[in-house]
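In the text below, chain A, chain B and the rest are named by the order of the sequence lines, each starting its count at 1.
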Amino acid sequence: MTQPTFSTHLGMVDILPDETPKWQKLEQIIHEEARKFNFEEIRTPILEQTELIARGVGELTDIVTKEMFAFERGDDHYVLRPECTAPVVRAFVEHHLDQRGGSQKLYYIGPMFRAERPQKGRQRQFHQFGAEILGADDPIADVDMIALMMSIYNRIGISNTTLKINSVGDPESRKAYKNALKDYFRPKLDQLSDISQKRFENNPMRILDSKEEEDQPFIEDAPIITDFLNEATAAHYTEVKNHLDSLGISYEEDPHLVRGLDYYTRTAFELISPDLGAQDALGGGGRYDLLVEEVGGQPTPAVGFAAGMERLLIACEELDIELAEPKSVDIYIVTIGDNARKWALKHLPKLRNADISATMDYIGRSVKAQMKDADRENARYSIIVGDNELKKGKFTLRNMKESEEQALDFDAIIKKLSDQ
RNA sequence: GAGCUUGUAGCUCAGUUGGUUAGAGCGCCAGGUUGUGGCCCUGGAGGCCGUGGGUUCAAAUCCCAUCAGGCUCCCCA
């Protein structure tokens with residue numbers, strides 16, 4: 001078995017039966033919290049037009065330049081979605097969701113694809129949940145959005161996180177800031193890392209994100225964007241902070257926080273966990289007031305976040321948080337002989353209809369092997385059925401944990417289990 | 001795209017300076033209990049030692065290549 005005929009592609013991971021319960025639980029929590037906040041679920045296709053992602057996410061971003069799974073069929077250009085904000089916005093515009101009135105509060109859960117080098121907390125197919133509010137400019141929207149994100153982590157018990165916030169400005173502020181940044185870095189250009197020198201032309205704000213040792217002293221003294229915000233944008237940012245304070249959500253201002261995607265404006269935030277190693281971002285988001293228009297809709301202010309589910313589950317593991325209960329089944333019917341097997345098949349539905357989970361052996365194992373299987377399946381009770389029991393109409397109900405048995409007729413068994 | 005590192009049973013790992021039929025624990029299957037689990041005892045199945053090539057009388061062990069995993073850089077979830 002060391003050389004299976006087929007295996008997953010690089011960075012593609014099977015989620016096996018031992019893992020799925022915690023995924024189901026996580027999804028359930030996301031649905032429940034989203035409902036409390038009155039967000040509605042949206043499900044968009046895995047495949048989108050390449051042009052949508054290129055325009056939406058940004059032509060020069062790493063995602064678009066080197067991480068897309070893209071292919072063509074005839075004249076159509078397909079891409080496996082690398083994130084879900086652009087698709088949600090596409091759906092919003094395509095189906096005129098603004099006509100539903102008010103602001104739209106949407107959330108999603110699903111797989112995303114980026115062709116990066118895998119490592120801990122990074123796969124090529126990974127899963128995100130996220131939410132978007134379309135059509136609201138008010139800082140209250142930003143903060144309620146963050147509150148939804150935080151409430152999911154809090155409910156799970158991941159509380160040792162740091163929320164970093166910043167304002168990356170509106171186009172006007174950003175232009176002024178970029179010029180100031182360039183003026184600042186230009187004379188020092190040859191002392192910066194190679195990577196940062198490249199960023200200087202494309203996206204000077206990214207230099208602030210650099211982790212290169214040699215860049216750090218320059219970054220420390222660089223001008224910060226919050227000094228360049230125009231009045232309206234500064235006021236918006238201040239209100240976001242005030243609202244966070246009033247909700248008791250603690251945060252750290254990080255003037256160097258720059259999000260990776262081009263569409264972000266004004267509020268930017270990121271949730272960091274110390275339990276994740278190199279990939280320490282649990283989730284992040286911000287405003288993208290220009291994206292709807294970029295994708296062909298009416299100018300519509302919007303804010304959202306996306307969070308990585310694998311990373312959330314890694315954090316759970318580090319913190320010894322058990323999301324899901326161990327597997328179990330209410331009843332395991334142990335059969336002796338063919339008549340008993342037929343009896344079991346007929347009576348399983350009656351148990352299940354009474355909302356009692358039940359199973360039996362399919363492969364004709366010995367009683368001992370069936371008992372062992374019942375134990376392995378973590379059965380609460382076993383019912384032992386043989387010719388004696390069939391003749392008397394009384395079946396042996398064994399409490400697996402207490403190792404106690406009693407003879408009951410079938411209706412009594414159903415009643416006993418239903419009452420618990 | 002780059003660096004480091006690992007690759008022996010389903011899982012976690014031992015395998016000494018290259019030397020006969022490759023080991024352990026757990027798991028799996030069976031027996032010890034003729035109709036009964038978890039503990040214990042006994043036995044069994046399961047590996048061309050990631051793959052391909054090379055060095056050698058002899059390779060899991062040395063060399064090269066390749067594939068895959070892990071970690072890191074980059075970037076992000």
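Rounding to whole angstrom units, NZ of residue K394(A) and P of G35(B) are separated by 24 Å. Taking atom CH2 on W23(A) and atom C1' on A77(B), their separation rounds to 11 Å, with Å as the unit. The NZ atom of K120(A) sits 11 Å away from the P atom of G70(B) (whole-angstrom rounding). Rounded to whole angstrom, the span from the CG atom of D373(A) across to the P atom of G37(B) amounts to 13 Å. Distance, R117(A) CZ to C4(B) C1': 12 Å, rounded to whole Å. Per the geometry, CZ belonging to R122(A) stands 14 Å off P belonging to G1(B), to the nearest Å. To the nearest angstrom, P of C67(B) lies 11 Å from CG of L10(A). One can place CG of L16(A) at 11 Å from P of C11(B), the figure rounded to the nearest angstrom.
Residue contacts for D387(A): at a heavy-atom cut-off of 4.0 Å it reaches no nucleic acid atom on any strand shown. Across all strands shown, R376(A) has heavy atoms under 4.0 Å from sugar-phosphate atoms exclusively, and none from any base. Base engagement by K368(A) is indicated by at least one non-hydrogen atom pair under 4.0 Å involving a base atom. Within 4.0 Å of S382(A), counting heavy atoms only, lies no atom of the nucleic acid at all. Counting any heavy atom pair closer than 4.0 Å across all strands shown, E116(A) reaches a base atom. Backbone-only engagement by L282(A) is indicated by non-hydrogen atom pairs under 4.0 Å involving sugar-phosphate atoms exclusively. Across all strands, G285(A) comes closer than 4.0 Å to no nucleic acid atom at all (heavy-atom distances). E389(A) comes within 4.0 angstrom of a base, heavy atoms only. G121(A) comes within 4.0 angstrom of a nucleotide base, judged by non-hydrogen atoms across all strands.
Atoms NZ and CG, on K22(A) and L26(A) in that order, are 10.5 Å from each other to the nearest 0.5 Å.
Across G23(B) and U8(B), the matching C1' atoms stand 10 Å from one another, rounded to whole Å. Comparing G46(B) with A22(B), their P atoms are spaced 14 Å from each other, to the whole Å. Distance check on atom C1': C62(B) versus U21(B) gives 24 Å, rounded to whole Å. A distance of about 7 Å separates the C1' atoms of G27(B) and G10(B), rounded to the whole Å. Nucleotides U5(B) and C63(B) place their P atoms 13 Å apart, quoted to the nearest Å. Taking the P atoms as reference points, G69(B) lies 29 Å from C28(B), given to the whole Å. Atom C1' of C48(B) sits at a distance of 25 Å from the matching atom of C26(B), rounded to the whole Å. A distance of about 26 Å separates the P atoms of G50(B) and G44(B), rounded to the whole Å.
Other residues, nucleotides and ligands place no more than 12 heavy atoms under 6.0 Å from the CD atom of E325(A).
Ring centroids of Y107(A) and H31(A) are separated by less than 6.0 Å, placing the two rings close together. A distance below 6.0 Å separates the ring centres of Y177(A) and F228(A).
In this model, a side-chain donor or acceptor of R311(A) finds a partner on the base of C76(B) within 3.5 Å. Contact annotation: side chain of S366(A) to base of G35(B), donor-acceptor pair absent below 3.5 Å. The base of U36(B) sits within donor-acceptor range of the side chain of E405(A), with an N or O pair under 3.5 Å. For E270(A) and A77(B), a side-chain-to-base donor-acceptor distance below 3.5 Å is absent, hydrogens and geometry of angles not being considered. A donor N or O paired with an acceptor N or O is not found under 3.5 Å between the base of G38(B) and the side-chain atoms of D375(A). Between the base of G37(B) and the side chain of K401(A) there is no donor-acceptor pair shorter than 3.5 Å.
With U36(B), G35(B), A30(B) as the choices, the nucleotide that has an atom nearest any side-chain atom of I336(A) turns out to be G35(B). Closest to the side chain of Q119(A), from the set U36(B), C74(B), G70(B), is C74(B). With G37(B), U36(B), G69(B) as the choices, the nucleotide that has an atom nearest any side-chain atom of S403(A) turns out to be G37(B). For D280(A), counting side-chain heavy atoms from C-beta on, the closest listed nucleotide (G38(B), C76(B), G35(B)) is C76(B).
Dashed line: the shortest gap from a side-chain N or O of Q128(A) to OP1 or OP2 of A77(B) is not under 4.0 Å.
Of the N and O atoms on the side chains of D170(A) and T265(A), not one donor lies less than 3.5 Å from an acceptor on the other residue. Between the side chains of R81(A) and T44(A), at least one donor N or O sits under 3.5 Å from an acceptor N or O.
Applying the ring-ring contact (aromatic ring centres under 6.0 Å, His included) test to residues at least two apart or on different chains, the pairs with a partner in residues 367-399 of chain A are W343(A)-F395(A). The stretch residues 153-164 of chain A participates, sequence neighbours left out, in these side chain to side chain donor-acceptor pair (under 3.5 Å) pairs: E32(A)-R155(A), E33(A)-R155(A), N160(A)-D275(A).
Using a 4.5 Å heavy-atom threshold, the side chains of L408(A) and K394(A) count as separate.
Mapping R124(A) and R365(A) onto RNA chain B via the closest heavy atom, the residue that lands nearer the 5' end is R365(A).
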With both pairing distances under 3.5 angstrom for Watson-Crick or G-U wobble, and | for a partner in another strand, the correct string for RNA chain B is (((((((..((((.....[...)))).(((((.......))))).....(((((..]....))))))))))))....
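D387(A) has no carboxylate O lying under 4.0 Å from a charged side-chain N of K391(A), or vice versa, which leaves the two without a salt bridge.
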